[in-house]
Amino acid sequence: MEFYHRDDQTLKSLVELGAKGYFPLFELSWIDELRNVTRKLTGNEKVKAKQLFKRIIQHKSLDRKKTILISMPEIDRKLFVKAFLAMVEGKILDCQSELH
């Protein structure tokens with residue numbers, strides 16, 4: 001599941017970092033809030049997540065991306081984190097087929 005353009009190297013590298021357990025784009029409390037929430041996205045959430053990813057991708061630096069996330073309404077930020085973590089989970093499963 002991809003919510004960004006394949007040529008966008010910054011988000012691609014952030015997903016790879018996330019697969020290794022490092023999330024420079026997020027506050028730890030944002031991830032903790034989603035600990036008990038199911039990661040399955042509905043169709044409407046996927047569409048909204050794509051819009052949010054487009055908004056983030058427009059900015060080059062990590063600081064600007066994080067500023068955009070901080071300025072988002074809490075609902076949008078949670079959806080973005082949820083979608084990002086779903087992509088990280090997919091990356092982990094792709095790399096380690098024995099986990100299937």
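On a predicted model such as this, the values are computed, not experimentally measured, just so you know.
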Carefully, step by step, assess Met72 and Ile68 under the rule side chain to side chain contact (heavy atoms under 4.5 Å, CB included). CA-CA 6 Å; Met72 280 183 186; Ile68 294 299; 4.1 Å; yes
One pair to check against side chain to side chain contact (heavy atoms under 4.5 Å, CB included): Phe84 and Phe23. What are the steps and the verdict? CA-CA 10 Å; Phe84 186 86; Phe23 298 96; 3.9 Å; yes
Assess the residue pair Leu79 and Ile75 against the criterion (side chain to side chain contact (heavy atoms under 4.5 Å, CB included)); give the C-alpha distance rounded to whole Å, side-chain angles, the decisive distance to 0.1 Å, and a yes or no. CA-CA 6 Å; Leu79 177 60; Ile75 294 171; 5.7 Å; no
How far apart are the C-alpha atoms of Thr10 and Lys60, what are their side-chain angles, what is the distance that settles it, and do they pass the side chain to side chain contact (heavy atoms under 4.5 Å, CB included) test? CA-CA 8 Å; Thr10 56; Lys60 300 287 183 200; over 6 Å; no
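Using a distance-only test at 3.5 Å, with no hydrogens or angles considered, no donor-acceptor pair links the side chain of Glu89 to the main chain of Ala86.
Residues Leu14 and Leu28 do not share a hydrophobic cluster, clusters being chains of Ile/Leu/Val/Met/Phe/Trp/Tyr side chains in contact below 4.5 Å.
Under the 4.5 Å side-chain criterion, counting only non-hydrogen atoms from C-beta, Leu69 is not in contact with Leu52. Proximity of His59 to Thr67: side-chain heavy atoms (C-beta onward) are nowhere separated by under 4.5 Å. Side chains of Arg77 and Phe26 form no contact here, defined as non-hydrogen atoms less than 4.5 Å apart. Taking the side chain as every heavy atom from C-beta outward, Glu45 and Lys82 approach each other to under 4.5 Å.
Every side-chain hydrogen bond (donor to acceptor under 3.5 Å, both in side chains) that Glu27 has, sequence neighbours left out, goes to Lys66. Asp32 is linked by a salt bridge (Lys or Arg N to Asp or Glu O under 4.0 Å) to Arg35, counting only residues two or more places apart in sequence or in another chain.
One distance of note links CZ of Phe80 with CZ of Arg55; it measures 10.5 Å at 0.5 Å rounding. In this structure, Arg64 CZ and Ile56 CD1 are separated by 13.0 Å, a value rounded to the nearest 0.5 Å. Note that CD of Gln58 is 14.0 Å distant from CZ of Phe53, once rounded to the nearest 0.5 Å. Rounded to the nearest 0.5 Å, atoms NZ (Lys12) and CG (Leu17) are 13.0 Å apart.
Here Lys20 does not pair with Glu16 in a salt bridge; the nearest charged N to carboxylate O distance is not below 4.0 Å.
Annotation for Leu25 and Lys65: closest pair CD1-CB, 3.6 Å, computed over non-hydrogen atoms. Nearest heavy-atom pair, Pro24 versus Leu62, reported as atom, atom and distance to 0.1 Å: CB-CD2, 3.9 Å. Closest approach of Leu41 and Lys46 over heavy atoms only: O-CE, 3.7 Å.
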